[in-house]
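Here the structure is laid out as structure tokens; the discussion comes afterwards.
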Protein chains: 2
Amino acid sequence: MAEAPVKPPAVRGPVTIQDVARRAGVSTATVSRALAMPDRVTDATREAVFAAIRETGYTPNAAARNLRAKTTKMVLVLLPGIGNSFFTPILNALEEVFSEAGYGVLIGYTRQDRSRETHYARVIRAGQVDGVLLVTGHLPRDEEFTHFPYTVPVSLLLSEMPGYSGFSVFDVENRAAARTMTDYLIGLGHRRIAHIAGPTLNPEANERMAGYREALAAAGIPFDPGLLWTGATNFDFASGEAAARRFLDSTERPTAVFAAADEIAFGFLRAIRSAGVVAPRDVSVAGFDDTEYAFHYDPALTTMHQPRAEIGRRSAEDMLRRMRAGGDPEPTVRVRLPCALVIRESARRLD
Amino acid sequence: MAEAPVKPPAVRGPVTIQDVARRAGVSTATVSRALAMPDRVTDATREAVFAAIRETGYTPNAAARNLRAKTTKMVLVLLPGIGNSFFTPILNALEEVFSEAGYGVLIGYTRQDRSRETHYARVIRAGQVDGVLLVTGHLPRDEEFTHFPYTVPVSLLLSEMPGYSGFSVFDVENRAAARTMTDYLIGLGHRRIAHIAGPTLNPEANERMAGYREALAAAGIPFDPGLLWTGATNFDFASGEAAARRFLDSTERPTAVFAAADEIAFGFLRAIRSAGVVAPRDVSVAGFDDTEYAFHYDPALTTMHQPRAEIGRRSAEDMLRRMRAGGDPEPTVRVRLPCALVIRESARRLD
DNA sequence: AAATTGGATGTAATCGATTACAAGATACGC
DNA sequence: GCGTATCTTGTAATCGATTACATCCAATTT
């Protein structure tokens with residue numbers, strides 16, 4: 001008899017409200033009430049119920065509760081599924097707010113795949129979630145989304161969908177931010193400034209491009225189509241590398257390059273370095289996003305800070321408000337946050 | 001009459017199996033059967049049911065199904081909630097396999113917070129998920145996890161838990177990998193090799209440290225405690241920066257530094273660079289993980305590749321197998337994958 | 001032509017919680 | 001001492017699907 005035997009949990013298998021009621025000597029209704037409205041039962045009853053719950057290790061069955069309450073306490077977050085480290089702060093903030101409020105966070109990666117979009121649309125229609133947050137840049141191509149009102153509240157994060165309505169939108173002032181960055185580069189004395197644009201079909205990418213052109217125009221610098229590098233299919237390293245080939249092949253290279261995303265800038269920086277071109281010595285480079293690596297890269301990247309965590313937090317709070325409203329047509333909101341210029345090492349004053 | 005009015009969906013609000021049954025002129029049992037076992041109903045009936053489903057836009061209610069079937073088709077993935085870009089490939093692979101199999105992926109960030117761990121333990125006990133994947137490095141401190149068998153299958157990813165049993169474990173050969181890396185640095189002519197260890201309490205960090213010491217011993221290099229830099233609280237930039245201060249203050253600096261994680265290496269690289277020390281010119285640096293930035297950093301990082309996506313995929317497949325087994329005590333597995341040395345630019349032969 | 005077989009379908013119980021309603025108990029006022 | 005208001009608790013319906021069992025009908029066998 002070397003050690004005391006480990007005492008197994010009192011009850012194995014699913015403990016139901018019936019078990020608790022029997023043990024506490026009350027009805028299931030009373031157990032339910034003791035849990036939901038503790039002050040509607042006598043002190044003695046409450047004690048007995050809680051004791052029985054403790055002894056049995058009871059946890060209410062979620063499916064039964066959901067069925068009755070027509071609510072699931074779950075939200076679905078749809079992400080594109082590529083370049084995910086960018087989305088991490090958003091996801092983190094969302095999980096923080098939602099789990100605090102007792103909601104579970106279901107994630108779905110659509111990977112731009114239509115069948116995966118319909119898959120998740122079915123999850124929504126099946127009443128498996130109380131709300132949906134789209135961080136994909138577009139609506140799932142499914143009937144669920146072709147008509148307003150939707151069965152559950154829907155929010156758009158980081159991008160808007162002109163022409164559609166019925167959801168809250170949380171994004172940043174892409175155009176103004178790109179304008180600010182370009183103004184900054186111009187202020188450093190640059191006049192031949194290239195822009196590595198994001199995906200052509202992406203609204204944010206186009207806003208950033210517009211901001212870039214706006215700044216040039218305001219400074220009286222004629223727009224040179226040869227310095228607008230499009231063709232990116234994503235905000236990723238590869239797009240930066242493609243741009244680097246263009247840069248290196250140029251007869252007259254730009255003195256500054258403004259990338260539509262940090263990852264694009266990193267891909268660009270790495271690729272030109274292989275050719276012996278170093279930023280900021282030989283060319284100034286700026287990014288957009290202020291991802292965690294912007295600070296830690298070499299050179300530290302001058303970029304526009306996007307308040308990703310704040311977008312996550314605020315959209316989660318708005319979603320909670322709308323979900324709690326029940327079926328009522330709770331008003332949606334349109335939140336557009338400013339970005340902040342973060343000056344680091346990768347761009348410098350032109351000699 | 002400028003445009004054709006948009007036709008709203010046939011039915012608004014939740015469509016139940018009753019609605020479909022009524023419309024198809026059959027009983028709810030038949031609808032259910034037409035869906036679950038199409039060959040057990042006549043062609044005509046099946047047609048009628050499917051037509052009714054199409055017309056009404058019916059989707060089975062998940063809660064009702066879960067309640068009856070005692071299954072939720074959901075898995076919970078618990079993550080530490082810090083340094084998340086490292087976990088992204090795992091999460092991606094998990095979502096891919098699970099959603100393909102019709103399972104939803106619920107994420108939870110524990111942030112090492114006890115209350116958050118119990119929160120998610122309650123989610124598990126409530127029968128809200130059919131399986132749990134822990135990527136947190138430790139078991140949630142909750143009664144649910146103090147006794148085997150658990151209510152649902154549990155798997156451990158990236159770390160093991162000596163002394164506990166009942167779950168499948170998927171990790172990498174940390175010790176052998178660290179040995180290989182250290183051997184490689186020794187092979188480059190280095191003898192004063194420092195190791196920036198991971199968190200003291202982290203088993204993987206300790207295995208890597210053991211591999212480092214093993215290699216030194218095998219090469220006949222006496223272990224110098226002054227070159228084992230502990231004190232990291234996480235596998236993050238900050239720990240690398242702290243190590244950099246130690247490096248810069250050293251009277252006799254090591255010629256090579258092996259960091260227990262890529263992010264630690266990046267933090268180290270950036271901090272020494274501020275002091276004018278450049279890798280690999282002045283010091284060779286190696287990492288561990290092979291995160292996406294290892295390739296894109298400057299200098300490109302020599303590191304050990306951890307097959308994160310494969311860990312995600314294989315653990316998901318094992319989990320599916322165990323969940324499908326129902327309540328039977330399906331055997332667990334122990335998968336330990338090898339890492340691969342990835343030679344890039346940050347470490348070089350000692351002159 | 002009657003008996004038997006098998007396939008298709010319907011009826012109703014079931015999963016586990018919540019909650020409207022009913023009933024019982026207690027206290028209070030007259 | 002009795003009626004009424006208030007508070008507590010129990011009974012039973014309900015949420016929407018699945019499925020064991022019963023039933024019905026047509027095809028096959030004798």
Side-chain angles (χ1 to χ4, degrees), chain A residues 11 13-50 52-53 56-73 102 122-123 125-128 130 151 326-327, chain B residues 11 13-50 52-53 56-73 102 122-123 125-128 130 151 326-327:
Chain A
V11 178
V15 179
T16 72
I17 199 171
Q18 317 277 353
D19 301 322
V20 176
R22 202 172 309 126
R23 188 170 193 117
V26 298
S27 73
T28 62
T30 301
V31 175
S32 182
R33 274 189 289 254
L35 247 42
M37 332 168 228
D39 44 346
R40 298 292 305 268
V41 299
T42 48
D43 293 1
T45 310
R46 196 181 329 116
E47 291 294 301
V49 169
F50 284 165
I53 288 174
T56 54
Y58 166 72
T59 308
N61 178 284
R65 175 176 284 179
N66 293 347
L67 176 58
R68 183 71 227 252
K70 292 183 185 305
T71 185
T72 61
K73 295 282 196 165
R122 198 172 305 122
V123 167
R125 266 203 311 272
Q128 240 173 138
D130 293 347
T151 51
Chain B
V11 177
V15 179
T16 73
I17 198 171
Q18 318 276 355
D19 302 323
V20 176
R22 203 172 309 126
R23 191 172 192 114
V26 298
S27 73
T28 62
T30 300
V31 175
S32 183
R33 273 189 289 256
L35 246 41
M37 330 168 232
D39 43 348
R40 298 291 305 268
V41 301
T42 46
D43 294 0
T45 311
R46 195 177 336 111
E47 292 294 303
V49 169
F50 284 164
I53 287 174
T56 54
Y58 167 71
T59 308
N61 177 283
R65 174 176 286 179
N66 293 347
L67 176 58
R68 185 72 228 252
K70 293 183 185 304
T71 188
T72 62
K73 295 282 196 166
R122 198 172 304 123
V123 167
R125 268 204 310 274
Q128 239 173 139
D130 293 346
T151 50

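Within every chain, numbering begins at 1; the chains are lettered A, B, ... in the order of the sequence lines, protein sequences first and strands thereafter.
- The side chain of Lys70(A) places no N or O atom within less than 4.0 Å of a non-bridging phosphate oxygen (OP1 or OP2) of dT18(C).
- Contact annotation: Tyr58(A) side-chain N/O to dG16(C) OP1/OP2 distance is not under 4.0 Å.
- Residue contacts for Val26(A): at a heavy-atom cut-off of 4.0 Å it reaches the sugar-phosphate backbone alone, with no base atom in range.
- Within the 4.0 Å cut-off from OP1 or OP2 of dG10(D), at least one side-chain nitrogen or oxygen of Thr30(A) is found.
- In this structure, Gln18(B) atom CD and dA12(C) atom P are separated by 14 Å, rounded to whole Å.
- Checked against dT18(D), dA17(C), dG16(C), the side chain of Ile17(B) finds its nearest nucleotide in dT18(D).
- Here dT19(D) presents its P atom at 12 Å from CG of Leu35(B), a figure rounded to the nearest Å.
- Side-chain atoms of Ser32(B) lie closest to dT19(D) of the nucleotides dT19(D), dA17(C), dT8(D).
- Between dG10(C), dT9(C), dC15(C), one nucleotide has an atom nearer to the side chain of Leu67(B) than all others, and that is dC15(C).
- Residues Val31(A) and Ser27(B) both approach DNA chain C. Their nearest nucleotides, taken by heavy-atom distance, put Ser27(B) toward the 5′ side.
- With contacts defined as side-chain heavy-atom distances shorter than 4.5 Å, the pair Val41(B)/Val49(B) does not qualify.
- Between the side chain of Thr72(B) and the backbone N or O of Gln128(B) there is at least one donor-acceptor pair closer than 3.5 Å.
- For the pair Asn66(A) CG and dC15(C) P, the interatomic distance rounds to 18 Å; values are reported in whole Å.
- At a cut-off of 3.5 angstrom, counting only N and O atoms as typed in the model, there is a donor on one side and an acceptor on the other between the side-chain of Arg33(A) and the base of dG10(D).
- Map Thr28(A) and Thr42(A) each onto its nearest nucleotide of DNA chain D; the residue landing nearer the 5' end is Thr42(A).
- Using a 4.5 Å heavy-atom cutoff, the side chains of Ile53(B) and Leu35(B) are in contact.
- Heavy-atom minimum distance, Thr56(A) versus Val15(A): O-CG2, 3.4 Å.
- In this structure, Met37(B) places its CE atom 7 Å from C1' of dT19(D), rounding to the nearest Å.
- At the heavy-atom level, Thr16(A) lies under 4.0 Å from the strands shown only through sugar-phosphate atoms.
- Atom CZ of Arg22(B) is separated from atom P of dG10(C) by 14 Å (rounded to the nearest Å).
- In the interface, the side chain of Arg65(A) is not paired with the base of dT18(C) through any donor and acceptor atom under 3.5 Å apart.
- Side-chain atoms of Arg23(B) never come within 3.5 Å of backbone atoms of Ala52(B) as a donor-acceptor pair (strictly under, hydrogens ignored).
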